[in-house]
Amino acid sequence: MSDPIEALPPLREVIAQHDLTARKALGQNFLLDLNLTRKIARAAMPWTAGTVIEIGPGPGGLTRALLLEGAPRVIAVERDERCIAALQPLAEAAGGRLAVHPGDALETGFVDLAPPPWQVVANLPYNIATPLILNWVARAEQFARITVLVQKEVAERLAAKPGSKTYGRLSVAAQWRCGVRMLFDIGPKAFVPPPKVTSTLVELQPRERPLAEADPRKLERVTAAAFNQRRKMLRAALKPLWADADAKLQEAGIDPTRRAETLSIEEFCALARLL
């Protein structure tokens with residue numbers, strides 16, 4: 001017996017029926033190729049959490065794929081009323097496995113949607129991807145896994161290692177709490193409308209405990225000071241935190257003439273503990 005989801009109209013018909021022209025203000029770029037969306041869904045497996053949360057489902061391309069690949073329950077958070085209406089037939093076909101939550105992802109508390117742990121799988125709107133990810137990694141212990149499609153530049157910053165040009169505050173914040181893997185790229189032509197950049201599927205797997213002990217607010221203060229003046233030696237960059245930054249760096253066992261992008265996450269944590 002065929003799945004009722006497979007009997008639904010093609011996504012291009014759904015877009016035409018509901019006049020779903022992508023809105024730049026909402027960061028919308030729809031992914032319609034079911035082969036690609038199912039590839040994303042399979043990359044996010046296994047379904048280790050009871051609830052999969054999707055952000056910005058649009059007309060439901062990835063949502064269909066998640067359901068077809070066996071996600072036990074999907075909650076789709078969507079702020080565009082046109083898309084909410086377009087998702088209703090899919091919710092009916094899913095037989096209770098899909099709930100559409102109207103709202104802004106930046107303001108939606110997942111605790112109100114379902115008990116943790118949550119598994120996030122989403123084609124994130126470019127304009128809110130970074131703040132969303134920072135918000136999630138700050139509470140990494142509440143997530144089973146985060147698998148998201150983002151601008152390639154953001155994926156590279158998330159996964160960057162010390163010594164690289166893309167290594168910065170986002171790299172430290174993400175990798176302190178999660179293992180980060182770039183999975184595969186998707187070119188602009190796969191999207192409607194095509195963005196000007198390549199997208200990358202990235203996986204964040206929460207660690208059982210952070211890489212090293214540190215207060216998150218103090219770690220953020222240290223990385224902000226260090227990377228805000230990344231071309232300067234640390235002895236100068238960290239002056240806003242310590243009048244005698246030289247002495248603090250030596251106390252942490254760090255050469256004061258080094259620059260921010262050469263420090264490991266453990267070394268940033270050592271500095272945070274001295275604040």
Same cluster (ILVMFWY, side-chain, under 4.5 Å), [X] and [Y]:
X	Y	value
Val150	Phe184	no
Phe30	Leu36	no
Leu124	Ile40	no
Leu34	Val121	yes
Ile128	Val120	yes

Determine whether more than 12 heavy atoms belonging to other residues, nucleotides or ligands lie under 6.0 Å from atom [atom1] of [X].
X	atom1	result
Arg12	CZ	no
Glu81	CD	no
Glu213	CD	no

With rounding to the nearest 0.5 angstrom, report the [atom1] to [atom2] distance, [X] to [Y].
X	Y	atom1	atom2	result
Asn29	Asn123	CG	CG	7.5 Å
Met45	Thr147	CE	OG1	11.5 Å
Ser164	Lys161	OG	NZ	9.5 Å
Asp246	Arg235	CG	CZ	4.5 Å
Gln119	Leu66	CD	CG	9.0 Å
Leu98	Gln88	CG	CD	8.0 Å

Are [X] and [Y] close enough for a salt bridge, meaning some N to O gap below 4.0 Å?
X	Y	answer
Glu69	Arg38	yes
Glu141	Arg209	no
Arg258	Glu267	yes

- Message: The test is side-chain contact (heavy atoms from CB on, under 4.5 Å); show your working for Leu204 and Ile133 and say whether it passes.
- Response: CA-CA 9 Å; Leu204 293 94; Ile133 292 169; 4.2 Å; yes
Kindly say whether [Y] contributes a backbone atom to a donor-acceptor pair with the side chain of [X] at under 3.5 angstrom?
X	Y	answer
Lys239	Ala243	yes
Arg64	Leu90	no
Glu6	Leu68	no
Arg145	Ala44	yes
Ser171	Arg157	yes
Asn135	Pro131	no
Arg207	Cys178	yes
Arg82	His18	no

Which atoms form the tightest heavy-atom contact between [X] and [Y], and what is the distance?
X	Y	result
Ala114	Ile75	CB-CD1, 4.0 Å
Val14	Ala86	CG1-CB, 3.8 Å
Ile186	Ala190	CG2-CB, 3.6 Å
Pro57	Val77	CD-O, 3.3 Å
Glu78	Ile84	O-CD1, 3.5 Å
Val111	Trp118	N-CZ2, 3.5 Å

- Any chance the side chains of Thr200 and Asp185 put a donor and an acceptor closer than 3.5 Å?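 Side-chain D/A pair, Thr200 to Asp185: present.
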- Item | Side chains of Thr63 and Glu54, donor plus acceptor under 3.5 Å | yes
- Message: Are Pro117 and Gln142 packed together at the side-chain level, in the sense that at least one heavy-atom pair is separated by less than 4.5 angstrom?
- Response: no
- Task: Give the C-alpha distance, both sets of side-chain angles, the deciding distance and a yes or no for side-chain contact (heavy atoms from CB on, under 4.5 Å) between Val192 and Leu31.
- Result: CA-CA 7 Å; Val192 176; Leu31 190 56; over 6 Å; no
- Do the ring planes of Trp136 and Phe143 sit parallel (below 30°), tilted (30 to 60°) or perpendicular (above 60°)? tilted
- Message: Under 4.5 Å side-chain heavy-atom separation, chaining through any Ile, Leu, Val, Met, Phe, Trp or Tyr, what else clusters with Leu249? Say none if it is isolated.
- Response: Tyr167, Val172, Trp176, Leu211, Leu219, Val222, Phe227, Leu234, Leu238, Leu241, Trp242, Ile254, Leu263, Ile265, Phe268, Leu271, Leu274, Leu275
- How would you list all residue pairs meeting salt bridge (charged side-chain N to carboxylate O under 4.0 Å, His left out) that involve residues 186-204, not counting sequence neighbours?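 Listed by first then second residue: Arg181-Glu203.
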